[in-house]
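The block underneath contains the structure these notes are about, expressed in structure tokens.
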Amino acid sequence: MALSKWWWKWIVKLMQLLFHSWCPCTSPRPPVELCNDVMFEIFLRLPPEVLPRFSILNKQSNDIINSRLFQTTYWTQTLGLPRLCGIVYYRQGTYRSPFAQRMKKGKQKYQFQFTNVLFYKFHELSFNSMLDNKSHLLTTRGTNVPSQICLTIFLLKF
Amino acid sequence: MAEETESTKTEPLKTAEEEFKKLEITEEEESELKLETSDHVTFMVEASIAMKFGAVQQYLEVSPAASASATAIPLHNVASRELILILEYYRMHDWVDAGERDLKEFDERFLKDLNYEELKELLLAANYLNVEKLFNFLTKSIANIIRNKDVEFVRTFFGIDNDYTPEEEAAYREENAWAGVKFV
């Protein structure tokens, strides 16, 4: 009895499936669009060197990658680095960015700027020496980075 | 004498029936949940597997009476085709005897059978159902597919239109040129 019941269920399922997939009235469907959450998760699993390329896809994808939430989760989860407090991105002249949080210090204008390029460059640096301190300030100038750009990274221990 | 022979005949029959009943009971003990997909197909799914779906868990938390399998749990954003694939994946990964090698082979075959559209649909379904293992697996495999491809391929892959003006795009490329970023 139990077996026959099971078979019936299976057959009914199969028939429904066949009918559904071979229905002649279905027109070719438009490409599936992924929602932002899913794109977010896919981008999280990409290596840092290809991320900048993916922010050029679309304004929406650029928004996702440059968002603060993405940058912090990418930094800690994917790269496994200490918790990121913020990156101060200072540049001569004004620099506009919708994601920047402005922070004024005296006459200088500092901006919180989370950009994918910074992650690409800075994940190569060694952070072991600075892990002893609770927080750390890293400033680079010159070598890799053009001289007019000054980068400061704040790190917090877990 | 006649009564005795009758009783001896019926005894083995009775024991067989009892065993059969026991078997039925053990089958029933593995409680099942009714899931209804968006195209109105109902599935009877083992509770052990169904409880791994975050959406089902949430539904049962809100209305615990539904676990009595009288009412079907509606899954509005999942079609029957995707649910079958998800169940297939979870049955394989729940299987006790499956070694790592088997699972790897299974995963490869699982990916080969899907084209890109199906992959994306399945990913959306997994996102809706909140199934971690499959979701991680799918996002990882998609990331592997697109990581070495050029921008145009990825745009068609996601079905995205480029809404940058050529000047904006060029400016972005110039700005990030110092980092040695390769835009293939």
Table please: side-chain donor-acceptor pairs of residues 137-146 of chain B below 3.5 Å, with sequence neighbours left out.
| residue | atom | partner | partner atom | Å |
| --- | --- | --- | --- | --- |
| B:T139 | OG1 | A:R45 | NE | 3.1 |
| B:T139 | OG1 | B:F135 | O | 2.7 |
| B:T139 | OG1 | B:N136 | O | 3.0 |
| B:S141 | OG | B:F137 | O | 3.0 |
| B:S141 | OG | B:L138 | O | 2.8 |

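- In terms of heavy atoms, A:K13 sits closest to B:T42 at CE-O, 4.1 Å.
- Counting all heavy atoms, side chain and backbone alike, A:M39 lies closest to B:I160 at CE-CD1, 3.7 Å.
- A chain of hydrophobic side-chain contacts below 4.5 Å, direct or via other Ile, Leu, Val, Met, Phe, Trp or Tyr residues, connects A:L46 to A:L69.
- No chain of hydrophobic side-chain contacts below 4.5 Å, direct or via other Ile, Leu, Val, Met, Phe, Trp or Tyr residues, connects B:Y164 to A:F43.
- Annotation: the span from B:F43 atom CZ to A:K9 atom NZ amounts to 12.5 Å, rounded to 0.5 Å.
- Atom CG of B:D161 sits about 11.5 Å away from atom CG of A:L57, to the nearest 0.5 Å.
- Counting heavy atoms from C-beta on, the side chains of B:V151 and A:F54 never come closer than 4.5 Å.
- B:D163 places no side-chain N or O within donor-acceptor distance of the main-chain N or O of A:N58, the cut-off being under 3.5 Å.
- Using a 4.5 Å cut-off between side-chain heavy atoms of Ile, Leu, Val, Met, Phe, Trp and Tyr, with links allowed through other members, B:I73 and B:V62 fall into different hydrophobic clusters.
- Looking at heavy atoms from C-beta onward, B:L123 lies in side-chain contact with A:I42 at the 4.5 angstrom threshold.
- Summarising the local packing, CD of B:E132 is surrounded by 12 or fewer heavy atoms from other residues, nucleotides or ligands at distances under 6.0 Å.
- Separation of atoms CE (B:M44) and CH2 (A:W6) is listed at 13.5 Å; rounding is to 0.5 Å.
- Atom CG of residue A:L34 and atom CD of residue B:E121 lie 10.0 Å apart, to the nearest 0.5 angstrom.
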